[in-house]
Amino acid sequence: MDSSTNSLDEASADGSTDYQDRTSMMEVRLQAQEDEITLLKSSLADALRRIHIHDKLLPLLKQQLIAVNPSSARVLNQVSCSESSSSSRRFSSSAAVDGIPLSAGSPSQPPHDIANSANGHTGSPAAAELQSRPASRDQSTQTEPSPQEPDQNTLPPNDKSLDPEGGCLCGQTLPNESRAKLVRVPGLEDEEEDDEDQDDEGGEQEKELSLTSSMEESVQSDLVRGLQREDSHDGSCSSEEPSSSSASLSSSTQNLSSRSGPLSTIQEGEKTLVRRNSEKLSNADRQRKRLDKKAASSANLLTRSPSLENRAKELISNAGSPGSRRGTYSQGQSIKMFIRGRPITMYVPSNIQNYDDLKMELPLERLELDWVYGYRGRDGRANLYFLPTGEAVYFIACVIVLYHIKDSTQRHYRKHTDCVRSLALHPDKVRVASGQMAGVDKDGKPLQSCVHIWDSNTLVTLQQIGLGTFQRGVGSLAFSSADSGGFLCVIDDSTEHMLSVWDCAKETKVAEIKSTNEAVFAVEFNPSDSNNIITCGKSHVYFWTLSGGQFTKKQGIFGKYKKPKFIQCFAFGLTGDVLTGDSEGNILTWGKSAADVKTLGKGAKETYQIMRQTRAHEGSVFTLCTLQDGALLSGGGKDRKIIRWSADLAPERECEIPEKFGTVRTIAAMDEEELLVGTTRNAILRGTFSDGFLAIVQGHVDEMWGLASHPSQSLFLTCGHDRQVCLWEAEEHRLSWSVSLEEYGLCADFCPNGSTVSVGLNTGRWVVLDLLTQEVISESVDGNEQLSVMRYSPDGNFLAVGSHDNFIYIYNVTEKGRRYTRFGKCNGHSSFITHLDWSKDGRYIMSNSGDYEILYWDIPGGCKLLRNRSESKDREWASFTCVLGFHVMGVWLEGSDGTDINALCRSHSERIVAVADDFCKVHLFQFPCPKLKAPSHKYDGHGSHVTNVCFTHNDSHLLSMGGKDTCILQWKVVGGNRWDSKDKLGSASSTSTSSLEPPAS
């Protein structure tokens, strides 16, 4: 594409949409503020109503306190007297800022000292927090220090007054144990209040501070406790927490004063704070009259909006818990779902009249694992074997694959709950032992590691060995040969790499010992003696002897030979000698020899020493394989060579595997000529020395995210962090082609005509590839952050590119998907774009972002944000991959934090939706599923977070992609019927049925 032309197009498009972008952003902010104001008003009305009720109960509370403890009557009189005497004092949280003197009686006392003494104990944590908290004022929150009354045992004489109930003099001395405390009650405003109530106070705002005795703590009534619990459950706002139970009691009986300053913005995960600019003490009777008027005003508000009170209660209670996924239904108009305390509005389609009567059911369709793409060779060892049935057995993720080479079919052993790490073949060539890692489930609970022994013919588990015994996982396995496989040797992945021997028949542990703190790569029984075991790894080779349930260890002595950094592998020769391959490229022959008395001292026993060193490869020797005729095969790392050696280690033949497959990881002999080779780039090769090797299994070698299916053929494309873009044939189960890019791909989509595919990269660049030539026919850059989604419009006229810079870039597509020009930019999201979909008419886009926004855009209208989101509730979408929306609200699990679902995909028939989650699971729901806690079919197989899912063009198969496990699973969709679930949902809701049943034929 011509760069100058492209730049002019971009400049013109940016200039024409600049005003629209700013307008769209302001519309989004305005809508958010309107929602917050509505929530504040409803919360305010409910809080005023409850506080008014509490104020009416104050006389009853006093009577109950006196009935329980008659001596408290004197204290209550003193407190009431103190209330009246303190009305002449002014204490405001902002008085120090506004320049208002705090007290005439103690002008020299600092504010923090006043706060300390007012609490009655200067060393309390609450007081320290008030001292250290700086005063702040901004648009979102206003938090200021709250100076309080000085600590005084005797009230000032000039503040004496008669108590209206007890008639006590307020000037008398209070007991030390009943020292009063100041409790601040959050201010709540009423915008409807008349201004004439403020004339007597000179227009200043007021606040009531009450004094309660600490003796009330011992005589709290059950009624007071119940009211406190009700306030806490209803989410009542609080500006600060009392430091004792007496303060808690007083806070429940406080009256509210007049109008406050600006309301602070509600922030996610924080309590609502309401502040004033100035506050002062007032007469209690006057405050009660004002509160009556406020309650009447709030009643008027509730009368005007009958559903506001109940709605506010649900919003407050549901939004309080992080990870909440609850929803509230608003009279057939919209539903609010909460994720991490953030409300997400879902508008109910017009064809649903009785949402509450809908019942979600399991989909009729199910999934069966059809094919597994990939092989774990990059970090695996001894994980490829050839069975007498003509099958190669290997593993990837949580699945062990039995691949019939001639028939090109697969069977799968799927009893493991986490990634498989090791494999061993029994001497009978039928039984297989496999060990897994110890992971965690979705709730963080540990999953115990174990070894499964299973039948390769029937795929039936025969024994489960060591459940909960092996820490972290099972690193290496080996069956004994001398006794026909009666014992199993296991080395776990713990720090000490525990070596244990198990009786397979009894499923009991025979012996166990710490092997070494260094890495261990392999373990084997001596084929002629089951009491001798050899292990090798970093800088060591150990010879173990098992006798009487106890291990004795002898370390191989390198003597005059250079000690390699790693002993990578070993094998046994026909004469019983041990042959090891190391990181220096040598094959070392080990044997027993008499101990050197001069070096080791008198009484030294026999040792294992190097008898011969053979130069084999450039770089490491990763694998050794002994053939039946005594010949030896070795696989090299750096030189990628496979060499056949005679019994006396003379080289006979060699070949080199192609560079694109990586280095040799393991070798399995099919017969004397044909070999299977596993490589470090997760490929399995089949071939001979004379004919060379061809790949029969291939896969990615790093984390994958991009997945797209062809619009009309059984093809799908994948891309990932290994910088590979791969096109696969779903019916033939093979890789069609693969190309390497300079950056790694994260997303992709096919042009509707099927001739090109667009791939989004991690640098903000995206490329368009020709499917036939694999050439890059177009490329562009949008921003400098990674791209997360590519999506063509159904008619192929537009391409939408979602980026992590919060924008959606729109391109005109011409020349059958080969030319792209910038059309506009969707500006309005406040976080990175995660998913987007086009409407069926190709005019509108629905998008999700990282902060759980759902926005809608009019593309032909200039990429304009649709402010009224309810207008899109009946719109039909060509695809549905957005994880947030009314039609997929039920896919979210209880307690989800917003990142638990990585991707979803609706089938083309619009009957089911597949979900990829963070817990290695693939879910299948019915579509639509708008009710929370919708049931689903769950499928295991992946050993890492599932990053993407996608249906093939005819819905015959579902493709799921793992992240770190580099595994692609192809599922066959079985069952179901052909009737439309969209009509099913509308019919069920309109007839008030309790379940979603197909219409009668």
Side-chain angles (χ1 to χ4, degrees), residues 28-47 233-235 237 265-272 302 305-350 352-358 360 829-831 834 846-856 866-874 882-901 928-934 985 989:
V28 173
R29 293 175 182 174
L30 179 61
Q31 181 67 34
Q33 290 177 359
E34 290 177 353
D35 294 342
E36 291 175 355
I37 289 173
T38 301
L39 180 61
L40 278 172
K41 286 183 178 180
S42 60
S43 303
L44 171 64
D46 189 59
H233 179 269
D234 287 343
C237 304
T265 303
I266 292 182
Q267 295 185 340
E268 179 181 332
E270 300 179 354
K271 295 183 179 179
T272 306
L302 294 176
S305 180
S307 64
L308 199 57
E309 179 182 357
N310 294 333
R311 181 183 174 198
K313 286 182 177 180
E314 294 183 5
L315 289 177
I316 294 171
S317 61
N318 290 335
S321 59
S324 176
R325 186 193 53 83
R326 300 178 182 177
T328 60
Y329 178 52
S330 177
Q331 202 63 28
Q333 298 176 358
S334 65
I335 297 175
K336 284 191 180 294
M337 182 178 79
F338 290 85
I339 295 182
R340 297 181 66 87
R342 182 187 180 100
I344 304 172
T345 303
M346 314 286 187
Y347 292 95
V348 181
S350 301
I352 297 180
Q353 303 299 326
N354 298 286
Y355 173 82
D356 291 330
D357 292 334
L358 295 178
M360 298 293 98
H829 275 292
S830 55
S831 184
T834 58
M846 171 176 57
S847 58
N848 293 168
S849 61
D851 58 351
Y852 324 125
E853 281 183 324
I854 307 174
L855 298 184
Y856 301 91
L866 299 179
R867 178 180 177 184
N868 189 355
R869 288 171 287 175
S870 64
E871 294 179 353
S872 301
K873 64 183 180 181
D874 294 326
C882 288
V883 298
L884 296 174
F886 172 82
H887 294 83
V888 295
M889 189 167 60
V891 306
W892 290 90
L893 302 176
E894 188 71 29
S896 297
D897 69 352
T899 62
D900 294 339
I901 294 180
C929 53
K931 294 294 289 290
L932 300 178
K933 300 182 180 179
L985 182 60
S989 62

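Values reported hereafter were calculated over all heavy atoms of this structure, with side chains retained and with hydrogens, waters and symmetry mates removed.
- When every heavy atom of Ser872 is checked against every heavy atom of Leu866, the shortest pair comes out as OG-CD1, 3.9 Å.
- A donor-acceptor pair under 3.5 Å is formed between the side chain of Tyr355 and the backbone N or O of Pro930.
- Under a 3.5 Å cut-off, the side chain of Trp892 and the backbone N or O of Val883 do form a donor-acceptor pair.
- Remark: Thr345 pairs with Lys336 by the side-chain hydrogen bond (donor to acceptor under 3.5 Å, both in side chains) rule, at least two apart or across chains.
- Between the CG atom of Leu44 and the CD1 atom of Ile37 there is a distance of 12.5 Å, given to the nearest 0.5 Å.
- Atoms CD1 and CZ, on Ile854 and Arg869 in that order, are 8.0 Å from each other to the nearest 0.5 Å.
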side-chain contact (heavy atoms from CB on, under 4.5 Å) between Phe886 and Lys873: does it pass, once the steps are laid out?
-> CA-CA 8 Å; Phe886 172 82; Lys873 64 183 180 181; over 6 Å; no
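- Separating the CZ atom in Arg340 from the CG atom in Asp851 is a distance of 12.0 Å, to the nearest 0.5 Å.
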Between Val891 and Cys929, is a side-chain contact (heavy atoms from CB on, under 4.5 Å) present by the stated rule, with each step listed?
-> CA-CA 7 Å; Val891 306; Cys929 53; 3.5 Å; yes
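- A donor-acceptor contact shorter than 3.5 Å is absent between the side chain of Glu853 and the backbone of Ser831.
- Closest of all the heavy-atom pairs between Leu884 and Met337 is CD2-CE, 3.9 Å.
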side-chain contact (heavy atoms from CB on, under 4.5 Å) between Leu893 and Asp900: does it pass, once the steps are laid out?
-> CA-CA 8 Å; Leu893 302 176; Asp900 294 339; over 6 Å; no
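- Take Leu30 and apply the side-chain contact (heavy atoms from CB on, under 4.5 Å) test, not counting sequence neighbours, and it matches Glu34, Arg867.
- Heavy atoms only, all atoms of each residue included: Asp874 and Pro349 are closest at OD1-CA, 3.3 Å.
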Test side-chain contact (heavy atoms from CB on, under 4.5 Å) on His829 and Ser847 and set out the steps.
-> CA-CA 9 Å; His829 275 292; Ser847 58; 2.7 Å; yes
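- A distance of 6.5 Å separates OH of Tyr347 from CG of Asn868, quoted to the nearest 0.5 Å.
- Every residue two or more places apart in sequence or in another chain was checked for a side-chain hydrogen bond (donor to acceptor under 3.5 Å, both in side chains) with Thr834, and none qualifies.
- Looking only at side-chain heavy atoms (C-beta outward), Met889 and Ile344 stay at 4.5 Å or farther from each other.
- The CG atom of Asp357 sits 11.5 Å away from the CD1 atom of Ile352 when rounded to the nearest 0.5 Å.
- For Met346 against Gly885, the heavy-atom pair with the smallest separation is SD-C, 3.6 Å.
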